[in-house]
Amino acid sequence: MIFSDVQLPLSAYEERAEAPLSSLTAHASLDRKGITFPPGMARQSWEAFGNQLRDVSSSFVWWLADWMIYGESTYGPRYRDAIERTGLDYQTLRNYAWVARRFEHHRRHEALSFAHHAEVARLPAPEQDYWLRRAEQHAWSRNTLRKQVRAGVAERGSGTAASAVAVAGRSAGRQPVPADGAGSAGRAARIEIDLPVGEFDQITRIAESFGLSNSDWAARVLQSVVRSLAETETGGDAPTPAP
């Protein structure tokens, strides 16, 4: 076996592959120009070899993306010069890295391609996970996933919201809400809000800027409004709304 200038990491496959690529290469030689197979190779070995090549092909873009991210975070501005010396396309790597940053390792689906992940990369994380789960469950191709996502976004963006939360102003007979937000019984309540995808994405970005999940951020905003209403009714100064 010959790996000319590139050594491919194989350990990730050896634990889950029936016939790891490292053992299959006893039957074939690899170099930069291709693969040479010996005559009389057993069909089972040939099929297993193809399965391993599929895994390598699917993983290779993730590897390049993570390599790019590591160089950028570790070597600072110098990483770009190093990449250019490798002869790899910088902008393509930047695009790969942008997608990879949107998916922590534990959220990447082995059964789906990098292209599947790229299709949903612009969505908020919860929606990414939802669509990728569906794609894996139904064995969708990348094009099918794209059509399903576009249909879902169009439906949600049609302006019909199933639920809404409104905070009204003072009304006669309203009792002040305790400032701790726990309610008179000391119990927490749960609400659900449906929003168009664009607004949900905007809320997610705002929440992330404060280091919060979108649900925690929304809870703080609602609690600050409740406190403001309570202060107004009791004649106190309204506090500055929390993020």
Side-chain angles (χ1 to χ4, degrees), residues 8-9 12-13 16-18 21 46-70 72 83 88-165 190-209 212-218:
L8 297 180
Y13 302 102
R16 59 186 176 91
E18 294 181 1
L21 183 60
W46 175 78
E47 289 178 351
F49 197 100
N51 289 335
Q52 292 298 318
L53 290 178
R54 176 204 61 204
D55 288 344
V56 170
S57 175
S58 178
S59 301
F60 191 64
V61 178
W62 287 118
W63 295 342
L64 283 174
D66 290 337
W67 175 76
M68 170 79 166
I69 293 170
Y70 179 85
E72 185 176 13
I83 287 174
L88 297 171
D89 183 81
Y90 175 77
Q91 189 56 51
T92 299
L93 290 174
R94 290 284 298 177
N95 294 339
Y96 291 164
W98 182 84
V99 174
R101 284 191 179 95
R102 302 283 289 172
F103 297 95
E104 301 89 344
H105 281 224
H106 69 276
R107 294 180 54 238
R108 300 175 185 178
H109 290 242
E110 287 190 16
L112 300 176
S113 68
F114 185 89
H116 282 87
H117 293 75
E119 288 295 333
V120 299
R122 293 186 180 275
L123 299 176
E127 295 199 34
Q128 292 172 353
D129 295 337
Y130 168 77
W131 287 113
L132 291 177
R133 282 197 303 270
R134 293 201 64 191
E136 184 169 352
Q137 290 168 358
H138 298 285
W140 287 345
S141 67
R142 180 200 63 181
N143 289 339
T144 300
L145 173 60
R146 178 184 298 175
K147 292 177 182 177
Q148 293 289 337
V149 171
R150 287 180 176 177
V153 170
E155 181 179 352
R156 293 193 61 180
S158 63
T160 57
S163 304
V165 173
R190 180 181 179 85
I191 62 173
E192 293 184 0
I193 307 173
D194 288 344
L195 297 169
V197 172
E199 294 179 12
F200 186 84
D201 199 5
Q202 184 178 12
I203 288 174
T204 300
R205 289 196 298 270
I206 295 172
E208 289 176 348
S209 71
L212 301 169
S213 67
N214 46 27
S215 59
D216 288 341
W217 178 84

Quiz item: Rounded to the nearest 0.5 Å, how far apart are CG of Leu112 and CG of Leu145?
Solution: 8.0 Å
Quiz item: Judged by atom type as modelled, is there a donor-acceptor pair below 3.5 Å linking the side chain of Arg142 to the main-chain atoms of Glu119?
Solution: no
Exercise. Measure from NZ or CZ of Arg122 to the centre of the six-membered ring of Trp98 and say whether it is under 6.0 Å with the direction within 45° of the ring axis.
Key: yes
Quiz item: If you round to the nearest 0.5 Å, how far is CH2 of Trp63 from OH of Tyr96?
Solution: 14.0 Å
Quiz item: Can you name the closest pair of heavy atoms from Arg107 and Ala125 and give their distance?
Solution: NH2-O, 3.4 Å
Self-check item: Heavy-atom pair of closest approach, residues Pro124 and Arg102
Solution: N-NH2, 4.4 Å
Practice problem: Taking all heavy atoms of Arg108 and all of Ala100, pick out the closest pair and write down the distance. | Solution: NH2-O, 3.4 Å
Quiz item: How far apart are the closest heavy atoms of Gln148 and Trp131, and which atoms are they?
Solution: O-CH2, 3.3 Å
Quiz item: Can you find a heavy atom in the side chain of Phe114 that is under 4.5 Å from one in the side chain of Leu64?
Solution: no
Quiz item: Is the closest side-chain heavy-atom distance between Leu123 and Tyr130 below 4.5 Å?
Solution: no
Quiz item: Could you give the distance from OG (Ser59) to CZ (Arg54), rounded to the nearest 0.5 Å?
Solution: 10.0 Å
Quiz item: For atom CZ of Arg150, is the number of surrounding heavy atoms from other residues, nucleotides or ligands below 6.0 Å larger than 12?
Solution: no
Quiz prompt | Residue pair Met68, Tyr90: steps toward the side-chain contact (heavy atoms from CB on, under 4.5 Å) verdict | solution = CA-CA 9 Å; Met68 170 79 166; Tyr90 175 77; 3.7 Å; yes
Exercise. Enter the distance from Leu132:CG to Glu127:CD here, rounded to the nearest 0.5 Å.
Key: 11.5 Å
Quiz item: Quick one: does Phe103's side chain get under 4.5 Å of Val120's, heavy atoms only?
Solution: yes
Quiz item: Is there a side chain to side chain donor-acceptor pair (under 3.5 Å) between Asn95 and Gln91 once you walk through the steps?
Solution: CA-CA 6 Å; Asn95 294 339; Gln91 189 56 51; 3.2 Å; yes
Quiz item: Backbone N or O of Gln128 within a donor-acceptor pair of the His117 side chain at under 3.5 Å?
Solution: no
Quiz item: Measuring from Trp140:CH2 to Lys147:NZ, what's the distance to the nearest 0.5 Å?
Solution: 12.0 Å
Practice problem: Quick one: pull up NE2 in His138 and CZ in Arg133 and give me the separation to the nearest 0.5 Å. | Solution: 11.0 Å
